[in-house]
Trainee: 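Before I ask anything, here is the structure I am working with.
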Amino acid sequence: MKVKIALAGNPNSGKTTMFNDLTGSTQYVGNWPGVTVEKKEGILKGQKEVIIQDLPGIYSLSPYTLEEVVARGYLINEKPDAIINIIDASNIERNLYLSTQLLELGIPVVMALNMIDVVRKNGDTIDIQKLKELLGCEIVETSALKGIGSKEVAQKAVELANAKKAAAPKHTFGTGVEDALTKIENTVKGKTGNLNERWLAIKLLEQDEKVMEELSLDGGTLKAVTDIVKECEDSLQDDGESIITNERYNYISKIMKQAVHKKNRTQKSAT
Ligand code: GDP
Ligand code: K
Ligand code: MG
């Protein structure tokens with residue numbers, strides 16, 4: 001049995017560096033079907049049965065860029081056995097936006113807090129225990145450039161994949177949003193194929209056109225979903241996509257307050 005592990009993260013988070021470290025010379029480089037986005041695959045050093053898939057660098061799982069469409073399509077349709085979410089820990093606030101979305105997919109996730117050497121050099125500290133609690137996933141500190149932690153993060157991913165232990169996201173949206181999500185989930189129950197129902201409900205609340213198109217719900221169901229979304233939007237006086245985005249940012253601010261200490265916070269934010 002092959003184990004498929006996907007590397008997902010923002011551009012410049014160190015994905016390629018870690019991919020090289022994990023796979024050595026076993027790489028296969030091509031293009032994703034139909035598009036000129038590079039596709040890289042390799043085998044985990046010393047573990048023939050483990051395939052590492054490098055995904056395009058992305059900031060979000062929205063369908064607005066080719067890279068997002070490719071990465072999202074892979075994660076949703078091919079369903080890797082685990083995701084290594086590699087983040088630039090020296091830019092943690094920005095990187096966590098994607099992480100909050102990856103955790104909702106119903107797939108095992110281990111987070112590689114990469115560039116930890118830079119964090120330390122800057123004199124910043126990240127409370128890993130607290131971060132784990134707030135996110136609901138495994139976390140390993142890494143410096144892909146120095147070859148620190150990569151092996152451990154891959155091992156964790158293999159363990160989670162074998163145990164089929166999906167991430168248990170700790171984030172809940174506000175009451176109004178959660179109520180709407182529950183209603184949407186109940187409405188589309190049994191019509192979602194093998195898609196994760198909560199993930200799908202969030203996408204429907206965002207009125208994600210690509211998902212609506214692919215799901216091709218019958219008229220009655222679509223109308224019911226649209227009514228739920230409209231009711232939520234009216235009561236929160238914002239559109240679905242902004243509601244979800246804003247709540248993600250609030251959640252990330254809370255994480256920043258509780259788990260991250262920047263030595264020169266004032267100086268940095270002034271630049
Ligand atoms: P990608 O865009 O996610 O594939 O990122 P790359 O692997 O190309 O890395 C972006 C840059 O960060 C390169 O210059 C790497 O050498 C550097 N880099 C990657 N990982 C680390 C790390 O852990 N520490 C430091 N200091 N630099 C890193
Ligand atoms: K790059
Ligand atoms: Mg790269």
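Both backbone and side-chain heavy atoms feed into the values below; hydrogens, waters and symmetry mates do not. Remember, it's 1-based here, ligands and their atoms both numbered in the order they're listed.
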Trainee: Closer than 4.0 Å to some heavy atom of Thr16 - which atoms of ligand 1 meet that?
Mentor: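 The atoms of ligand 1 under 4.0 Å from a heavy atom of Thr16 are 1 (P), 4 (O), 7 (O).
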
Trainee: Numbering the atoms of ligand 1 from 1, which are under 4.0 Å from a heavy atom of Val118?
Mentor: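 Selected atoms, number and element: 26 (N).
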
Trainee: For Asn85 and Val110, what are the C-alpha separation, side-chain angles and deciding distance, and is it a side-chain contact (heavy atoms from CB on, under 4.5 Å)?
Mentor: CA-CA 6 Å; Asn85 172 210; Val110 52; over 6 Å; no

Trainee: Are Phe173 and Tyr251 near enough that their ring centres are under 6.0 Å apart?
Mentor: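 No, too far apart.
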
Trainee: Work out which heavy atom in Val37 is nearest to a heavy atom in Glu67; give both atom names and the distance.
Mentor: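 Heavy-atom minimum between the residues: CG2-OE2, 4.3 Å.
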
Trainee: Report yes if some N/O of Ile116 lies less than 3.5 Å from some N/O of ligand 1; otherwise report no.
Mentor: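 It does not: no N or O of Ile116 is found under 3.5 Å from an N or O of ligand 1.
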
Trainee: Where do Val29 and Lys40 come nearest, in terms of heavy atoms and distance?
Mentor: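 Closest approach of Val29 to Lys40: CG2-CD, 3.6 Å.
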
Trainee: Do any heavy atoms of Ser13 fall under 4.0 Å from ligand 1?
Mentor: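 Contact present.
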
Trainee: Relative to the heavy atoms of Ala144, which atoms of ligand 1 are at a distance of less than 4.0 Å?
Mentor: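 Per the distance check, 20 (N), 22 (C), 23 (O).
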
Trainee: When you look at CD of Gln47, are more than 12 heavy atoms from neighbouring residues, nucleotides or ligands closer to it than 6.0 Å?
Mentor: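 Atom CD in Gln47 is crowded, with more than 12 foreign heavy atoms closer than 6.0 Å.
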
Trainee: Grab the two heavy atoms, one from Glu138 and one from Lys156, that are nearest each other, plus how far apart they are.
Mentor: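 For Glu138 and Lys156, the tightest heavy-atom pair comes out as OE1-CE, 3.3 Å.
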
Trainee: At less than 4.0 angstrom from any non-hydrogen atom of Leu145, what atoms of ligand 1 do you find?
Mentor: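 Atoms satisfying the 4.0 Å criterion: 16 (O), 20 (N), 21 (C), 22 (C), 23 (O), 24 (N), 25 (C), 26 (N), 27 (N), 28 (C).
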
Trainee: Is there a path of hydrophobic side-chain contacts, each under 4.5 Å between heavy atoms, that joins Leu61 and Leu135?
Mentor: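 Result: yes, single cluster for both.
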
Trainee: Mind checking whether the Mg ion (ligand 3) has an N, O or S of Asn12 under 2.8 Å?
Mentor: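 Given the 2.8 Å cut-off, Asn12 does not count as a ligand of the Mg ion (ligand 3).
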
Trainee: Measuring from Ile76:CD1 to Asn196:CG, what's the distance to the nearest 0.5 Å?
Mentor: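 Ile76 atom CD1 to Asn196 atom CG measures 8.0 Å (nearest 0.5 Å).
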
Trainee: As an exercise, identify every atom of ligand 1 less than 4.0 angstrom from a heavy atom of Thr17.
Mentor: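 In order of numbering, the contacting atoms are 6 (P), 7 (O), 9 (O), 15 (C), 19 (C).
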
Trainee: Taking only heavy atoms of Ser143, which atoms of ligand 1 are found under 4.0 Å from at least one of them?
Mentor: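 In order of numbering, the contacting atoms are 22 (C), 23 (O), 24 (N).
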
Trainee: I'd like to check which ligand 1 atoms, numbered from 1 as shown, lie under 4.0 Å from a non-hydrogen atom of Asp117.
Mentor: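 So the atoms of ligand 1 that pass are 22 (C), 23 (O), 24 (N), 25 (C), 26 (N).
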
Trainee: Is the closest N or O pair between Met18 and ligand 1 shorter than 3.5 Å?
Mentor: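 Such a contact does not occur with ligand 1.
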
Trainee: Show me which atoms of ligand 1 lie under 4.0 Å from any heavy atom of Asn12.
Mentor: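 Near Asn12, meaning under 4.0 Å from one of its heavy atoms, ligand 1 has 1 (P), 2 (O), 3 (O), 5 (O), 10 (C).
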
